Amino acid sequence: MHEIDFYGAPPCPWTWITSRWLISAAEERDISIAWRNCSLAVLNEGKPVPEQYREPMRIGDQVHRVMTAMRADSRNDLAGALYTAFGELHFVEGVPATEIDVAGLALSVGGLEWADAANDDLWDLHIREETEAAISLAGPDVGAPILAFGDPQVAIFGPVVSPAPTGADAAKLLDQVIALASDPAFFELKRGRSEPPNFS
């Protein structure tokens, strides 16, 4: 195992926590992370979306655009840095997504060449295709985040964790997730959430 594709949704708190776990686990296991798109706007297309979620979803797609532009120039590292910078502002510092200037964030993370991508809808087709590819890998009735790995690739929704395990605990959970997802007979494990997301 050398690389895991992480299909994340920047405005989603559970996806953010999973991303923090995966970064720690990947460091422990010497695995690289490919930062990919799982657009909430695409996932919820044709469904009733409450008003309070629509604008954050639009902002999330601006982040997806910049990440896609960065990866198109072989800067996956910057895509991961942008995902982190957005999440730290939104989830750790509590800045509403609607108040985050994604173009300015792209400028600070990667430089001037990335700022315009936030408002460039030419990237939207790729974002849609990548989101649909993630769903086709993980199967129906799933959302973000999705992890995909292996050759041929297998994928799984989640894990949904809170707070994010770190260090050896993170690596142990990653080993378990990979083992379960690699078993073609395995489909689902779940228990209800009783507490809000813990970003600590």
Side-chain angles (χ1 to χ4, degrees), residues 1 3-29 31-44 49-50 52-53 55-57 59-64 66-67 76-100 102 105 109 130-131 134-135 137-138 141-149 155-181 188-200:
M1 178 68 58
E3 182 175 82
I4 292 178
D5 290 339
F6 176 81
Y7 293 87
C12 173
W14 303 104
T15 303
W16 165 254
I17 298 172
T18 298
S19 74
R20 300 307 93 184
W21 155 74
L22 185 60
I23 287 173
S24 182
E27 289 174 352
E28 292 285 322
R29 291 291 183 257
I31 294 172
S32 62
I33 301 170
W35 298 93
R36 304 198 178 278
N37 301 304
C38 196
S39 166
L40 294 178
V42 175
L43 285 176
N44 290 283
V49 177
Q52 68 266 30
Y53 297 132
E55 189 65 9
M57 284 165 54
I59 299 298
D61 275 354
Q62 288 186 336
V63 179
H64 283 307
V66 178
M67 290 174 63
N76 179 70
D77 60 324
L78 290 181
L82 181 68
Y83 192 99
T84 292
F86 179 86
E88 287 178 345
L89 277 176
H90 185 37
F91 300 115
V92 179
E93 297 181 24
V95 178
T98 53
E99 296 180 13
I100 297 176
V102 177
L105 197 61
V109 169
E130 200 160 73
T131 302
I135 298 302
L137 281 169
D141 303 318
V142 299
I146 290 171
L147 306 185
F149 55 87
I156 193 165
F157 164 64
V160 176
V161 293
S162 178
T166 59
D169 289 338
K172 179 181 177 182
L173 179 58
L174 178 59
D175 294 343
Q176 293 165 339
V177 168
I178 289 172
L180 286 173
E188 183 175 1
L189 276 175
K190 186 174 183 179
R191 58 182 164 192
R193 297 191 296 259
S194 58
E195 298 179 358
N198 182 341
F199 304 124
S200 62

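Bear in mind that the values here come from a model prediction, so they are computed numbers and not experimental data.
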(message) Suppose we screen for salt bridge (Lys or Arg N to Asp or Glu O under 4.0 Å). Which residues come up paired with E3, at least two apart in sequence or across chains?
(response) none
(message) Minimum heavy-atom separation for S162 and I17, please, with both atom names.
(response) OG-CD1, 4.0 Å
(request) To the nearest 0.5 angstrom, please state how far the NE2 atom of H90 sits from the SG atom of C12. (result) 9.5 Å
(message) Rounded at 0.5 Å granularity, tell me how far OH in Y7 sits from CG in L137.
(response) 5.5 Å
(request) Quick one: pull up CD in Q52 and OG1 in T98 and give me the separation to the nearest 0.5 Å. (result) 12.0 Å
(request) List the atom of R29, the atom of K172, and the distance in Å for their closest heavy-atom pair. (result) NH2-N, 4.4 Å
(request) Would you name the heavy atoms of M57 and A41 that are closest together and state the gap between them? (result) CE-CA, 3.4 Å
(request) Taking T131 for its side chain and S39 for its backbone only, find out whether a donor-acceptor pair lies under 3.5 Å. (result) yes
(message) So, using salt bridge (Lys or Arg N to Asp or Glu O under 4.0 Å) as the criterion, who are the partners of E28 when residues are at least two apart?
(response) none
(message) Can you tell me how far apart CD1 (I135) and CG (D141) are? Round to the nearest 0.5 Å.
(response) 9.5 Å
(request) Hey, could you give me the CD1/CD1 distance between I31 and I4, rounded to the nearest 0.5 Å? (result) 4.5 Å
(message) Closer than 3.5 angstrom, by distance alone: can the side chain of W21 be matched with the main-chain N or O of P165 as a donor-acceptor pair?
(response) no
(request) Grab the two heavy atoms, one from W14 and one from E195, that are nearest each other, plus how far apart they are. (result) CH2-O, 3.7 Å
(message) Does L147 form a side chain to side chain contact (heavy atoms under 4.5 Å, CB included) with F6? I'd like the steps, not just the answer.
(response) CA-CA 5 Å; L147 306 185; F6 176 81; 3.5 Å; yes
(request) Indicate yes or no: at least one non-hydrogen side-chain atom of P11 is less than 4.5 angstrom from one of I59. (result) no
(request) May I ask you to decide if W16's main-chain N or O and S19's side chain share a donor-acceptor pair within less than 3.5 Å? (result) yes
(request) Please work out which of the three classes, parallel, tilted or perpendicular, describes the rings of F199 and F91, given edges at 30° and 60°. (result) tilted
(message) Tell me the closest heavy-atom pair linking L174 and A26, and the distance in Å.
(response) CD2-N, 4.5 Å
(request) Supply the atom-to-atom distance L173 CG to I178 CD1, rounded to the nearest 0.5 angstrom. (result) 10.0 Å
(request) Measure from the side-chain N and O atoms of T18 to the backbone N and O of G158, and report whether any donor-acceptor pair falls under 3.5 Å. (result) no
(message) Which heavy atom of A25 sits nearest to which heavy atom of A170, and what is that distance?
(response) CB-O, 3.4 Å
